[in-house]
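Okay, structure first, notes after.
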Amino acid sequence: MTSSSTPKTLVQTLLKTPQSLKTKSQAKELHAQFLKTQPHSPSSTSILISIYTNFNLLHDSLFLFNSLSSPPLLAWKSVTKCFANSGLFLNSVTYFVQMRGLGIYPDHKMLPFVLKACAFIKNLRLGESIHGCIIRLGLDFDLFTGNALLNMYAKFQNLEVNGGHKVFTFNMLDGMPKGNELCGRLAQKKGKNVFQLDSVRKVFDMMPKRDVVSWNTVIAGNAQNGMYEEALTMVREMGNANMKPDSFTLSSVLPIFAEYVDVMKGKEIHGYAIRHRFDSDWYIGSSLIDMYANCSRIEDSCRVFNLLPQRDDISWNSIIAGCVQNGMFDKGLNLFHQMLIAKVKPRDVSFSSIMPACAYLTTLHLGKQLHGYIIRGGFDDNVFVASSLVDMYAKCGNIKAARWIFDQMEYHDMVSWTAIIMGHALHGHAHDALFLFKQMEMDGVKPNYVSFIAVFTACSHAGLTDEAWGHFNCMTQNHGITPGLEHYAAMADLLGRAGKLEEAYEFISSMHIAPTGSIWSTLLSACRVHKNLELAEKVAKKLFEVDPENVGAYVLMSNIYAAAQRWKDAAKMRISLKKKGIRKEPACTWIEVKNRVHTFISGDKSHPLYERIYKALKDLLEQMEREGYIPDTSEVSHDVEEEQKKYLLFSHSERLALAFGIISTPTGTTIRITKNIRVCVDCHTAIKFMSKISQREIIVRDNSRFHHFKDGKCSCKDYW
DNA sequence: GTAGGGTTAG
């Protein structure tokens with residue numbers, strides 16, 4: 001304020017042109033001068049309030065507001081807006097309701113943010129009564145107010161459809177709200193979403209003028225509600241109305257093609273975005289990454305990510321989630337690390353996206369590190385994060401930690417229930433799993449497709465065929481879930497393990513969808529365990545019909561023939577495998593020691609400590625034999641001398657990993673190892689002996705479950 | 001006044 005005029009006239013000038021104030025300190029200086037020079041009229045005080053609220057200075061504006069005995073509209077409008085801009089939506093609508101209670105009418109500039117606040121606090125009834133007020137005041141023809149109404153009804157529509165019971169009501173006619181009443185009772189009318197949809201449409205149709213925001217709002221509302229065709233139709237109509245899709249439109253459309261897994265259409269949108277220079281837009285960038293990732297085109301996601309001129313936390317999270325969902329766990333972890341280096345702070349979403357990588361790779365040390373981060377950041381009460389932690393601990397062999405986290409959770413959704421049920425199932429705790437399933441139903445949480453896979457897995461590892469049938473029928477009849485491949489596979493596995501091979505064969509043959517190679521191979525491996533060569537040949541025939549390239553099947557058949565001493569047939573299988581030029585992924589086992597992963601394959605001599613490992617194994621073998629261990633060479637699929645067979649067993653990858661674990665960790669430490677295929681019968685016996693001799697708890701994760709070995713016994717009770 | 005990413009299985 002360096003003008004030559006007197007402070008008093010200067011203050012008066014500034015109050016008339018508040019937009020000339022550029023900084024917060026200028027606003028405060030004006031306030032100081034005002035106090036010295038002006039009489040405190042409500043209208044000039046209101047102007048000062050509005051100046052403060054333009055800078056979002058909530059406390060200063062409230063201080064002035066409270067000094068007024070009967071604040072005029074401008075004062076109400078300013079603080080209401082300031083509350084909304086500060087995210088305090090409940091305060092915002094409370095002030096609005098108070099103002100209305102005093103008989104003061106809002107203007108067209110006030111209504112949009114009150115409606116927005118109303119959408120945020122999910123108060124449908126209040127929104128409707130404000131709509132009534134808008135109509136009475138004749139403000140429904142205002143473009144901005146109309147757009148805000150569209151947005152509000154679209155948001156309510158989402159709530160009704162997705163949650164079913166999340167919309168809060170408050171009836172203004174009931175009088176003034178007390179305390180939290182504005183966010184109070186639940187509306188549970190069925191079919192309300194249709195009504196909301198009508199409301200969006202009605203407002204839209206009634207609008208005398210619509211701009212691109214109006215179109216985008218309705219399109220986004222439809223898209224977020226799963227009404228994809230309606231959204232796409234509106235995009236076309238928008239063109240007919242001479243309205244050009246902008247970056248907002250595209251970011252509603254891209255997730256639709258991601259959901260449809262329609263990469264061609266997605267690419268068309270990408271092209272449009274490039275031509276209109278939207279491709280460097282952050283929102284479009286992450287939608288594109290997500291779309292390509294959903295269409296299994298993760299390389300294209302990476303390309304988009306790399307070309308982004310700038311990246312925000314969401315672009316990082318999108319690419320990380322994309323990698324993890326496409327099985328690129330190392331790349332996902334690497335990107336997570338790069339994100340930290342780029343000083344982008346991870347958020348709840350970052351953790352729930354990256355955690356499955358730790359779960360899959362069994363990297364408990366990483367999972368624990370992330371868990372520490374989660375606790376320090378206060379993300380542990382997020383249901384997504386907590387569920388991913390439950391899953392990670394269970395998959396890394398620590399079911400106790402998984403259960404502890406689950407029990408600590410304030411509320412459980414279907415996914416968290418399913419994660420803990422699956423956790424117990426994989427650890428062979430069938431009864432815990434089934435009990436939890438019952439509890440989940442009693443809690444009123446409806447099981448979905450995946451929950452039933454978890455239930456069948458639980459039954460499978462405990463041989464509970466009757467329970468499984470019960471749940472299978474309940475799933476189809478009471479829950480209306482059509483059995484999918486995973487359910488059939490789990491049931492076939494269950495029947496096969498239980499030795500009900502013929503029943504399994506009938507079951508697979510009567511499936512209402514065509515059985516895949518992997519379902520037949522489930523039964524084939526059961527035939528191997530139960531040594532049923534005749535059925536195995538029948539199953540193999542079916543299998544090769546649908547999946548002639550199935551590597552596992554050739555190996556399985558070869559092993560089945562070998563076990564029956566039919567070496568020629570076994571060799572034939574190996575030869576066909578070679579002819580086809582397909583190679584089986586080698587069996588391997590890995591173990592984490594001192595935050596490093598060590599991988600072993602059968603007969604592996606590449607480890608720097610291999611001499612000590614072999615010596616330890618030899619010592620162990622001697623003690624095992626003294627305790628009564630007899631090697632079971634019946635499953636060695638090579639036609640070699642008995643001594644050679646014993647050596648092959650002796651150097652199986654899980655034993656090497658185990659011996660390495662024993663020599664490189666302190667006495668008494670629990671050893672956790674992970675195997676990419678099922679642990680063999682002889683190794684299972686051997687590990688039981690090893691757990692007793694070394695006095696260690698040994699937890700083995702193979703490709704289908706966990707085995708907890710302790711004192712010479714295994715948690716699977718030899719049923720797996 | 002309009003917009004984006006996540007957890008269970010495979």
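Bear in mind that the values here come from a model prediction, so they are computed numbers and not experimental data. Protein chains get the first letters and strands the later ones, always in sequence-line order, with residue 1 at the start of each.
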What contact category does [X] fall into here, base, sugar-phosphate, or nothing, at under 4.0 angstrom with non-hydrogen atoms?
X: A:A148; answer: nothing
X: A:V390; answer: nothing
X: A:S286; answer: base
X: A:S247; answer: base
X: A:P255; answer: nothing
X: A:S318; answer: sugar-phosphate

Side chain of [X] only, please: which of [options] is the nearest?
X: A:E486; options: B:dG4, B:dG10, B:dA3; value: B:dG10
X: A:S287; options: B:dG4, B:dT7, B:dA9; value: B:dG4
X: A:D391; options: B:dA9, B:dG6, B:dT2; value: B:dA9
X: A:T217; options: B:dT2, B:dT8, B:dA3; value: B:dT2
X: A:N151; options: B:dG6, B:dT7, B:dA3; value: B:dA3
X: A:N448; options: B:dT8, B:dA3, B:dG6; value: B:dT8
X: A:V349; options: B:dA9, B:dG6, B:dA3; value: B:dG6

ask   = Counting just side-chain N and O atoms, does A:Q325 come under 4.0 Å of either OP1 or OP2 of B:dG6?
value = yes

message = Is there a side-chain contact between A:K395 and the phosphate of B:dT7, meaning an N or O under 4.0 Å from OP1 or OP2?
response = no

Using whole Å, what does the distance between atom [atom2] of nucleotide [N] and atom [atom1] of [X] come to?
X: A:D246; N: B:dG4; atom1: CG; atom2: P; result: 13 Å
X: A:I289; N: B:dG6; atom1: CD1; atom2: C1'; result: 15 Å
X: A:Y449; N: B:dT7; atom1: OH; atom2: C1'; result: 19 Å
X: A:Y488; N: B:dG10; atom1: OH; atom2: P; result: 17 Å
X: A:Q224; N: B:dT2; atom1: CD; atom2: P; result: 12 Å
X: A:M491; N: B:dA9; atom1: CE; atom2: P; result: 20 Å
X: A:F379; N: B:dG6; atom1: CZ; atom2: P; result: 17 Å
X: A:I320; N: B:dT7; atom1: CD1; atom2: C1'; result: 16 Å

Counting only pairs under 3.5 Å, give me each side-chain donor-acceptor contact of residues 351-359 of chain A, with atom names and distances, residues two or more places apart or in other chains.
from, atom 1, to, atom 2, distance (Å)
A:S352, OG, A:D348, O, 3.3
A:S352, OG, A:V349, O, 3.3
A:S353, OG, A:V349, O, 2.7

task = Provide the full list of side-chain hydrogen bond (donor to acceptor under 3.5 Å, both in side chains) pairs with a residue in residues 107-121 of chain A, sequence neighbours left out, each pair given once.
result = A:K77-A:D107

Do [X] and [Y] have side-chain atoms, one donor and one acceptor, less than 3.5 Å apart?
X: A:N334; Y: A:Q338; result: yes
X: A:S460; Y: A:R497; result: yes
X: A:E299; Y: A:Y292; result: no

key: Electrostatic pair A:K202:A:D205 at N-O distance under 4.0 angstrom   = no

key: Residue A:F329 excluded, over 12 heavy atoms near CZ under 6.0 Å   = yes

task = May I ask you to decide if the ring planes of A:Y488 and A:F472 are parallel, tilted or perpendicular, using 30° and 60° as cut-offs?
result = tilted

request  = Give, ordered by number, those residues of residues 276-284 of chain A having at least one heavy-atom distance below 4.0 Å to an atom of DNA chain B; if nothing qualifies, reply none.
outcome  = A:D281, A:W282, A:Y283

